[in-house]
> 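My questions all concern the structure below.
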2 protein chains.
Amino acid sequence: MTQNETFVYQLLCDADRPLSAYNILDALRDKGIRAPLQVYRALAKLVERGAVHRIESVNGFVACQLHDCGGNEVSIFMLCTQCERAHEFTNISIDSRLQSLSNDLGFQVAHKVIEITGRCADCQTAQTAAPKH
Amino acid sequence: MTQNETFVYQLLCDADRPLSAYNILDALRDKGIRAPLQVYRALAKLVERGAVHRIESVNGFVACQLHDCGGNEVSIFMLCTQCERAHEFTNISIDSRLQSLSNDLGFQVAHKVIEITGRCADCQTAQTAAPKH
DNA sequence: ACAGCTATGTTATATTATAACATTCCGAAA
DNA sequence: TTTCGGAATGTTATAATATAACATAGCTGT
Ligand SMILES: [Zn+2]
Ligand SMILES: [Zn+2]
Ligand SMILES: [Zn+2]
Ligand SMILES: [Zn+2]
């Protein structure tokens, strides 16, 4: 892992929500990172290697939260609109059904995206406990 | 449906692939549409009403290809990187598994995205029939 | 006529991503 | 050791996507 990749990866591991490339850029200015391309290049490598996932729904990036999700299962992200956290899951059954749907249609899969947007359990209970008046 | 919405919707229905907001803007200049916001506003309404879907993976928009997909099933899009076409499907089994995964976790679902990127059957056979040397 | 609402239009700006080109670094081959 | 070549890095500029802020027009019910 190169130096810039390490900086970006560490930052994403420490973050509790997806960060945009420009969030990362701002956070790493003092590490000598000054231009968007430096961030995008590091992200491209990290994503390619499965250490980081791109979250399409929010144009953001998160460090992989699972061991070896680089297998052939798709990751499922639940994205809370309130706390902005992203939780990563895998589900063999969903993945195999998607795969067989693709196979049935002769579609050659390169990449799958499953993202669910909504409110996480924590945020629901938090709001129930302290409702706004 | 307002005039701008009609223009945008018709264009998307005629298109054979997802269009970006700026594709739409360029195509509708002669209809009097001059600014991105006019397009984005029409798209927001159309998406809200389920007539149009946003494709996160390509920052594009397509007219709904199914009758009444506005039920509670999620749409599954297969996106061909070669011909750029988007095919829309529903699958009750995949949807219900996603839903029960969310329920188990206490996650309150607002929106689901399932997008599969790859090569469609047509493009595979086309390339097989006429390979590049 | 008036108030309130929706749609529309316009300009400017924010956010996300890539192109094009120059430079540096480092290991392998000569 | 020198030199070659690839990988990484840095820099500037620009493309592509999306929204903010404000002004205007039209329509509806009172
Ligand atoms: Zn992962
Ligand atoms: Zn939350
Ligand atoms: Zn649909
Ligand atoms: Zn195709």
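Chain A is the first sequence line, chain B the second, and so forth, proteins listed ahead of strands; every chain is numbered from 1.
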> According to salt bridge (Lys or Arg N to Asp or Glu O under 4.0 Å), who are the partners of A:Asp122, at least two apart in sequence or on a separate chain?
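A:Asp122 satisfies salt bridge (Lys or Arg N to Asp or Glu O under 4.0 Å) with no other residue.
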> Do any pairs count as a ring pair (Phe, Tyr, Trp, His ring centres under 6.0 Å) and have a residue in residues 6-35 of chain B, sequence neighbours left out, and if so which ones?
none
> Could you list the cluster mates of A:Val58? Members are the ILVMFWY residues connected by side-chain heavy atoms closer than 4.5 Å, either directly or through other members.
A:Ile55, A:Val62, A:Phe77, A:Leu79
> Atom CG of A:Leu43 to atom P of C:dT18: distance rounded to whole Å?
11 Å
> Applying salt bridge (Lys or Arg N to Asp or Glu O under 4.0 Å) as the test, list every pair that has at least one member in residues 12-27 of chain B; sequence neighbours left out.
B:Asp16-B:Arg85, B:Arg17-B:Glu84, B:Asp26-B:Arg29
> Within the 4.0 Å limit for protein heavy atoms, which parts of nucleotides 7-19 of chain D are touched? Write it as a string from 5' to 3', B for base, S for sugar-phosphate only, - for none.
-SBBBB----BBB
> Can you list every side-chain hydrogen bond (donor to acceptor under 3.5 Å, both in side chains) pair that touches residues 48-62 of chain B, not counting sequence neighbours?
B:Glu5-B:Arg49, B:His53-B:Glu88, B:Arg54-B:Glu56, B:Arg54-B:Asn59, B:Ser57-B:Glu115
> For B:Glu48 and C:dT6, give me the distance from atom CD to atom P, rounded to whole Å.
12 Å
